[in-house]
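Here's the structure, in structure tokens; my notes come after.
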Amino acid sequence: MLVEFECPECKGHVYEKWSLDGSNLGIRLMYWHMILNPGLAINELVLGQRTPKVSYVCKSCDAPLADRSYVHCPGCDSFHQGRIWAYKNAFGNWLGLVCPTCGEPIPCLWNLTSRLLLVLTAPIWWIPVSRYRRQWLQASCKRISDNSLLYLDSVSNKPKPVRYFLMGNVWGLLMSFFTGIAATVLALVVWSVPASALAGIFFAATFGSLIIWIPAGWLFGLTMKLMIDRKGNPDLHLTFDGEGKLLDSDVARDVDEKAQ
Ligand SMILES: [Zn+2]
Ligand SMILES: [Zn+2]
């Protein structure tokens, strides 16, 4: 197939592919970070948060990023709005994101540490998971599709606006907290500080670093706002036929006129 993605909403064929071999360097780095950062094994193995290996972002829909991101299901060859796997559906996806239409798992990234832990613990989970995989997939499919009705954008059910300022502040507080933990661990392990002084070090590092992390959090919130709220450009609405020829657009007409 020459055209890999057709936007289910605007039928445009101009898109950005988000994957390990996609064109967006920032996304490629983010995906490698998801694979390599050992801490993210907790998100995958405990919380069941997963990222599909491939997503498509329509560049011509006049809508925020979340409304023009799509996940492809190889099981039934359909494109689903990424928004389906928001809120509660973002969790518990140990088998991968399950397609709400055909119930098959959609291929997702695996963190290297998760893979290692899964191999080491295989004797515990392999038999029950293989035995009950079908039932588990069916239950997941029902859960995803029931919840997704609540999450998809419709006239009667507008998604809540994201509170970026709050997001930035929470991020800043969390970073300060982690700085406090890191300073305490360093003090204990590297500088062998006596245990009685550790609480003081934790609070000093946590509150002291707020002065850096809170403004950094605002910057983070602003970046997220610019990224997530950014709309596509309807001028990029191009469609191609099976042979890759431009169809029905101003650009196509321009090209035709120049050719004559
Ligand atoms: Zn579109
Ligand atoms: Zn499917």
Side-chain angles (χ1 to χ4, degrees), residues 1-19 22-24 27 48-86 88-110 129 132-155 157-159 226-242 244-253:
M1 188 174 60
L2 203 95
V3 177
E4 199 175 331
F5 171 74
E6 176 171 284
C7 174
E9 192 65 30
C10 73
K11 309 291 174 210
H13 290 163
V14 178
Y15 61 92
E16 190 171 274
K17 186 174 171 182
W18 285 14
S19 63
S23 56
N24 187 322
I27 296 297
Q49 289 178 303
R50 306 293 300 280
T51 305
K53 272 187 182 163
V54 183
S55 304
Y56 297 88
V57 178
C58 173
K59 292 184 90 161
S60 58
C61 265
D62 184 22
L65 185 63
D67 289 328
R68 52 194 176 91
S69 307
Y70 292 90
V71 177
H72 179 245
C73 169
C76 61
D77 195 22
S78 51
F79 288 97
H80 297 294
Q81 262 210 26
R83 198 184 268 293
I84 289 178
W85 292 276
K88 281 188 199 162
N89 278 356
F91 302 97
N93 301 305
W94 291 283
L95 294 178
L97 301 178
V98 175
C99 170
T101 310
C102 70
E104 287 299 317
I106 292 168
C108 290
L109 299 175
W110 265 124
V129 169
Y132 294 107
R133 193 168 180 274
R134 266 297 123 204
Q135 286 94 321
W136 193 359
L137 281 173
Q138 278 168 5
S140 304
C141 176
K142 182 168 169 10
R143 174 179 74 99
I144 299 288
S145 86
D146 288 353
N147 284 338
S148 70
L149 299 176
L150 303 171
Y151 306 157
L152 291 181
D153 193 0
S154 70
V155 180
N157 181 35
K158 276 273 164 208
L226 292 176
M227 197 176 126
I228 296 174
D229 280 356
R230 206 176 109 206
K231 295 188 173 180
N233 179 1
D235 289 347
L236 288 175
H237 186 105
L238 304 176
T239 44
F240 302 90
D241 66 10
K245 191 174 178 306
L246 264 179
L247 289 172
D248 181 37
S249 77
D250 293 345
V251 180
R253 277 188 290 279

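Index from 1, following the sequence. Whatever order the structure lists them in is the order used to number ligands and atoms, beginning at 1.
- Put simply, the residue from L65, D62, D67 that forms a side chain to side chain contact (heavy atoms under 4.5 Å, CB included) with K231 is D62.
- Vertex the Zn ion (ligand 1), arms ending at SG of C58 and SG of C61: the angle is 120° after rounding to 10 degrees.
- Draw a line from the Zn ion (ligand 2) to SG of C99 and another to SG of C73, and the angle between them is 110° (to 10°).
- Residue-environment remark: CD (E104) exceeds the threshold of 12 foreign heavy atoms within 6.0 Å.
- Between the SG atom of C7 and the SG atom of C10, the angle taken at the Zn ion (ligand 1) works out to 110° after rounding to 10°.
- Geometrically, R50 does not engage W94 in a cation-pi contact, judged by NZ or CZ lying under 6.0 Å from the ring centre and within 45° of the ring axis.
- Among the backbone and side-chain atoms of H80, none of the N, O or S atoms lies under 2.8 Å from the Zn ion (ligand 2).
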- Message: Evaluate F5 against Y56 for ring pair (Phe, Tyr, Trp, His ring centres under 6.0 Å), listing each step before the verdict.
- Response: CA-CA 7 Å; F5 171 74; Y56 297 88; 5.2 Å; yes

